[in-house]
Amino acid sequence: MTSKNSIITKEEAARLIGNLGAEFALLPNADYIHPQYDIVPLAPKITVPAGPLVAVVMDMDGTTTTTEELCIHSLESMVRKISGRLTAGEWAGLDHALDYPNIIGNSTTKHVEFLITKYATMIDPAHLRRSYLYSALWTIILGQDEQRVAEVKNNLANLGCLDMLSDTQLDELTVSKQFTPAASDAITDSFLGKYGSGFRASSVTAMVRVGIDIYYQIYHAMLMEIQAGKGEALARQFLGSAGKRLIEPMPGIGIALALMKGWLGTAAAGAFDDLAADLGQKTGTRYDEGVLRAARNRVADLGVYFEQHPLKISVVTSSIRYEANIIMSEVCHVIQQQINHWNVPEEKKHFLRQQFSSYTNIYDGFVTANDSSEIRLKPHRDLYSIALHVLGIPKDHFNRVAGFEDSESGTIAIRAAGIGLCIAVPFEKSKGHNFDAASFILPGGVPEALIVHNLFMPV
Ligand SMILES: [Mg+2]
C-alpha cells in the first residue's frame, strides 16, 4: 500500500485491486444495496495443502446434511402460496435446470429475490396478502426464534399493518398459542378483515420481505414437527418412501467427522469398511478393489495421525442459528444410531455415541447467518473469515485448510476468504452449479476426499 489518503483515484484503485490477486469473483448485490456489485480477489487455487491440514471448514445444508431438500421445498411452497397455484396441475413447480442454481447456497434474500422476480407475473395480490398474514400470525404466535419474530413485526409495520401489532386478540393468541390448524384459517380471515386493506407490497423489495417471511414460516413449521418427533410422517408425505428421514447426515459424514476429530484412532480401518459400503450403497459410487485396499491402509494411518493431531472443524452456514441448532442436533441423533452398526469395538462405540451426543463436541467453530448480516452471507467471504478467526488459524496457515461446499456461491466464499483448497461436493440438486472456483469436484462428498485423495494429507 502506497496511498496515504483513504480516497484514491480510479487508476490507483485499479492498480491496488490488481495487486490483490490473479483471479476475481463478480458478486451482484441485492436490489436495495449500493453498489450494484462487488469484485473480490480469490485465493490462488491449490490442489495440495502447503503442509498437513490443520482445519476443515464446511457448509451445512447439502454438504453435511440432506436439508437442502427441505429448503427447496419451502421455497417452492412460498411461490405456490403467493400465486395461489397450489397443485402441480396449476403450476409444475420449480425448474431444476434454470431455478436450482439460483436458489441453493446463497442467502435466503437472494433466493427469494430471484423467485419473486422470475415468477412476478404469477403473483396474485389477494393470495400474497392472505398467505402473508397467515405466516406473520404463525411466526408471532408459534415461532421460536426471537429474531424472526422481531423481523416479522418490523415488516408488518413497513407493509402498512402497524396497528395489528397492538391488537389485543394477537396478545391473547401469543399467550394461549391457539393458532391450531383447525383455528388458524378463521383467525387469519379475522385479521385480514381488520388489517388487510392497509397492507401494501408493490415494490420488489417489499415483496421479497413478504416472500422471506413466508419461506421461513413454512420451513420452521416443518422443523418444529421434526423436533416434536413427527419427522417420519412428514418424510412419508414429502419423500414418499418409508425409512427415509428429512434430516440425515450426508453419506459417510459421521465416520469422516469422527476420523478428523481423532476419535477413531486405531479403529479407523474397521470404520473405513462402513464408509466404503455407505458410499457404494447410497451414492452408487463403486471403487476398484485395489483402490479400496490402498485407501483402507491410508485411512488406518490417518486415524492414528489425527488422534495425535486432531483437525479443527467448523460448520459455516448461511442458515440462521435457530435452524442450524435443530438440524445439527438431529444429525447427531442419527449418527448416534449409525454408530451401532459401525465395524468398531464396543467400547469405541460407547465413546463415539457420547461424543456425538451434541454437535458442540464436534465443532470448534459453528458459524451461522446470525454471526454476520444477511447482506454479507455467501458468496461473500465473511462467514468463512469468521470461522478461520474463531478456529484461530493464522493467515500463513490458510493454505493448510480444506473447505467443502455443495454450491457455487459457497465455493466462491471459501476462495474469497483466502482458502485455496476448495472442494465442491455437489449433490443431486446442485450438480448443475458452476464449480470453477473449486480445485476438485467430488460428488461422493467428504468420504470421496478420504478414499480417493487421502483427505489431501501427505501420504
Ligand atoms: Mg449448501
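Values below: every heavy atom of this structure, side chains too, minus hydrogens, waters and symmetry copies. Model, not experiment: these values are computed from the prediction. Note that ligands are numbered from 1 as they come in the structure, with each ligand's atoms numbered from 1 the same way.
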Q: Report the relative orientation of the aromatic rings in Trp263 and Phe356; use parallel for angles under 30°, tilted for 30 to 60°, perpendicular for over 60°.
A: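 Aromatic pair Trp263/Phe356 classed perpendicular.
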Q. Which atom, among the N/O/S set of Asp59, is closest to the Mg ion (ligand 1)?
A.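 For Asp59, the N/O/S atom sitting closest to the Mg ion (ligand 1) is OD2.
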Q. Between Glu151 and Arg148, is there a salt bridge with N-O shorter than 4.0 Å?
A.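 Result for this pair is yes, salt bridge flagged.
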Q: With the Mg ion (ligand 1) as the reference point, give the N/O/S atom of Asp406 that is nearest.
A: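 The closest N, O or S atom of Asp406 to the Mg ion (ligand 1) is OD1.
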**Q.** Distance flag, aromatic centroids of His111 and Phe114, threshold under 6.0 Å
**A.**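 Not close enough - the centres of the two rings lie 6.0 Å or further apart.
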Q. Any idea which N/O/S atom from Asp61 gets closest to the Mg ion (ligand 1)?
A.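 This turns out to be O.
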Q.
One pair to check against side chain to side chain donor-acceptor pair (under 3.5 Å): Tyr359 and Asn325. What are the steps and the verdict?
A. CA-CA 9 Å; Tyr359 67 78; Asn325 179 31; 3.1 Å; yes
